[in-house]
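Counting from 1, the numbers follow the sequence of the chain as shown. Both counts, for ligands and for their atoms, begin at 1 and track the order of listing.
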Amino acid sequence: MARAHPTRRVFLVGFMGAGKTSVGQALASRLGWEFCDLDRLIERREGNSVAEIFAAHGEAGFRKAEAQALMDLLQDSSRAHDLVVALGGGTFAQPGNREALEEAGAVTVLLDAPLDELRRRCSADETVRPLALNHNRFAALYEERQPAYLLATYRVSTMNKTVEDVTAAIDQILLSGVAEAKQ
Ligand code: S3P
């Protein structure tokens, strides 16, 4: 049975390589909630991979599909509770998406890590990330997005922590409503 928790739906925010998917899956399993990865949802809806969407429609086309998938998810009453969502690295950087999340009363948790660590994790994993292909672009995007990421409800550092450590920290934050590093 799903755990009684004051917060019933959580959105994980953070740059590429932050661990949103791994932590999201582990957190959902720990809480007995459902897990949804926004990128996978977009791929199912569009019938194409993220890389294919970027190649065919550019970043603008991807952002449109991403915003629509997020709006539909937020309006889906069957997914209003007991749900952990891993957003894409750019989702929360888009003002319209942040507004929609805020209007929905969403609790957002930023998974934080230094740039070099994020780069290392992205190259160690087989996901094709069109915006991680260029070294300089990756660094510029990281800098550019920091102010937006800091608007998340809570922030958890993932550096030198296992997926289990991060998951336990988020569980604690959600239970107490007090973050180890509340913004
Ligand atoms: C993106 C991050 C990716 C994916 C897309 C764009 C970004 O998700 O949504 O490639 O703009 O940072 P992950 O953060 O899960 O890699």
Side-chain angles (χ1 to χ4, degrees), residues 9-29 34-74 83-101 106-159 161 163 166-167 170:
R9 192 168 60 165
V10 178
F11 294 79
L12 301 181
V13 172
F15 204 61
M16 295 171 268
K20 302 178 293 293
T21 301
S22 326
V23 169
Q25 279 167 338
L27 181 65
S29 134
E34 192 194 335
F35 172 70
C36 172
D37 184 297
L38 191 66
D39 282 338
R40 301 294 84 74
L41 180 63
I42 296 166
E43 290 179 334
R44 279 202 302 278
R45 288 164 57 107
E46 302 297 313
N48 279 309
S49 69
V50 168
E52 285 164 346
I53 302 169
F54 266 81
H57 307 288
E59 182 174 349
F62 175 76
R63 295 294 167 216
K64 216 168 141 192
E66 178 180 54
Q68 199 53 59
L70 177 64
M71 302 312 150
D72 292 349
L73 176 63
L74 289 171
L83 178 70
V84 179
V85 181
L87 296 176
T91 318
F92 199 67
Q94 307 296 314
N97 295 339
R98 282 203 306 277
E99 226 167 83
L101 284 158
V107 168
T108 48
V109 179
L110 168 64
L111 303 186
D112 215 5
L115 178 63
D116 286 351
E117 173 65 12
L118 295 166
R119 222 192 268 287
R120 192 194 60 72
R121 292 186 201 161
C122 283
S123 33
D125 130 12
E126 68 209 11
T127 310
V128 180
R129 295 180 170 93
L131 298 178
L133 300 175
N134 179 294
H135 196 86
N136 293 336
R137 175 98 200 271
F138 190 81
L141 265 182
Y142 175 80
E143 288 307 326
E144 188 185 308
R145 288 179 180 171
Q146 292 311 307
Y149 288 155
L150 293 175
L151 298 170
T153 323
Y154 300 111
R155 176 162 61 93
V156 174
S157 166
T158 63
M159 191 61 184
K161 288 192 189 152
V163 167
V166 177
T167 303
I170 299 174

Counting C-beta onward and ignoring hydrogens, is there a side-chain heavy-atom pair between Val163 and Val166 closer than 4.5 Å?
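They are not in side-chain contact.
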Subset of ligand 1 atoms that lie under 4.0 Å from at least one heavy atom of [X]:
X	result
Leu131	7 (C), 11 (O)
Arg145	7 (C), 11 (O), 12 (O)
Gly88	8 (O), 9 (O), 14 (O)
Val50	5 (C), 10 (O)
Pro130	10 (O)
Arg63	7 (C), 11 (O)

Under 3.5 Å between any N/O of Gly14 and any N/O of ligand 1: does that happen in this structure?
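There is no such contact.
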May I ask you to check whether Asp39 has an N/O atom sitting below 3.5 Å from an N/O atom of ligand 1?
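Yes - when backbone and side-chain N and O of Asp39 are compared with those of ligand 1, one distance drops under 3.5 Å.
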Taking the ring centre of each residue, are Phe15 and Phe138 less than 6.0 Å apart?
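Ring-ring flag for Phe15/Phe138: true, centres closer than 6.0 Å.
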How far is [atom] from its nearest protein heavy atom, and which residue and atom name does that atom have?
atom	answer
atom 14 (O) of ligand 1	Lys20 NZ, 2.7 Å
atom 2 (C) of ligand 1	Gly89 N, 3.4 Å
atom 16 (O) of ligand 1	Arg129 NE, 2.6 Å

Verdict with reasoning, Glu59 to Arg137, per salt bridge (charged side-chain N to carboxylate O under 4.0 Å, His left out):
CA-CA 13 Å; Glu59 182 174 349; Arg137 175 98 200 271; 3.2 Å; yes
Glu66 vs Thr91, test: side chain to side chain donor-acceptor pair (under 3.5 Å). Steps then yes/no.
CA-CA 7 Å; Glu66 178 180 54; Thr91 318; 2.7 Å; yes
Can any side-chain N or O of Lys64 pair as donor or acceptor with the backbone N or O of Ala60 at less than 3.5 Å?
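Pair absent, no side-chain N/O of Lys64 close to backbone of Ala60.
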Kindly compute the distance separating CD (Gln68) from CG (Leu41), expressed to the nearest 0.5 Å.
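These two atoms lie 11.0 Å from each other.
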State whether Arg45 and Asp72 are salt-bridged, where the test is any N-O pair (Lys NZ or Arg NE/NH1/NH2 against Asp/Glu carboxylate O) under 4.0 Å.
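So Arg45 pairs with Asp72 through a salt bridge.
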Before accepting this row, confirm whether a basic side-chain N of the pair Glu126/Arg121 lies closer than 4.0 Å to the acidic partner's carboxylate O.
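Salt bridge: no.
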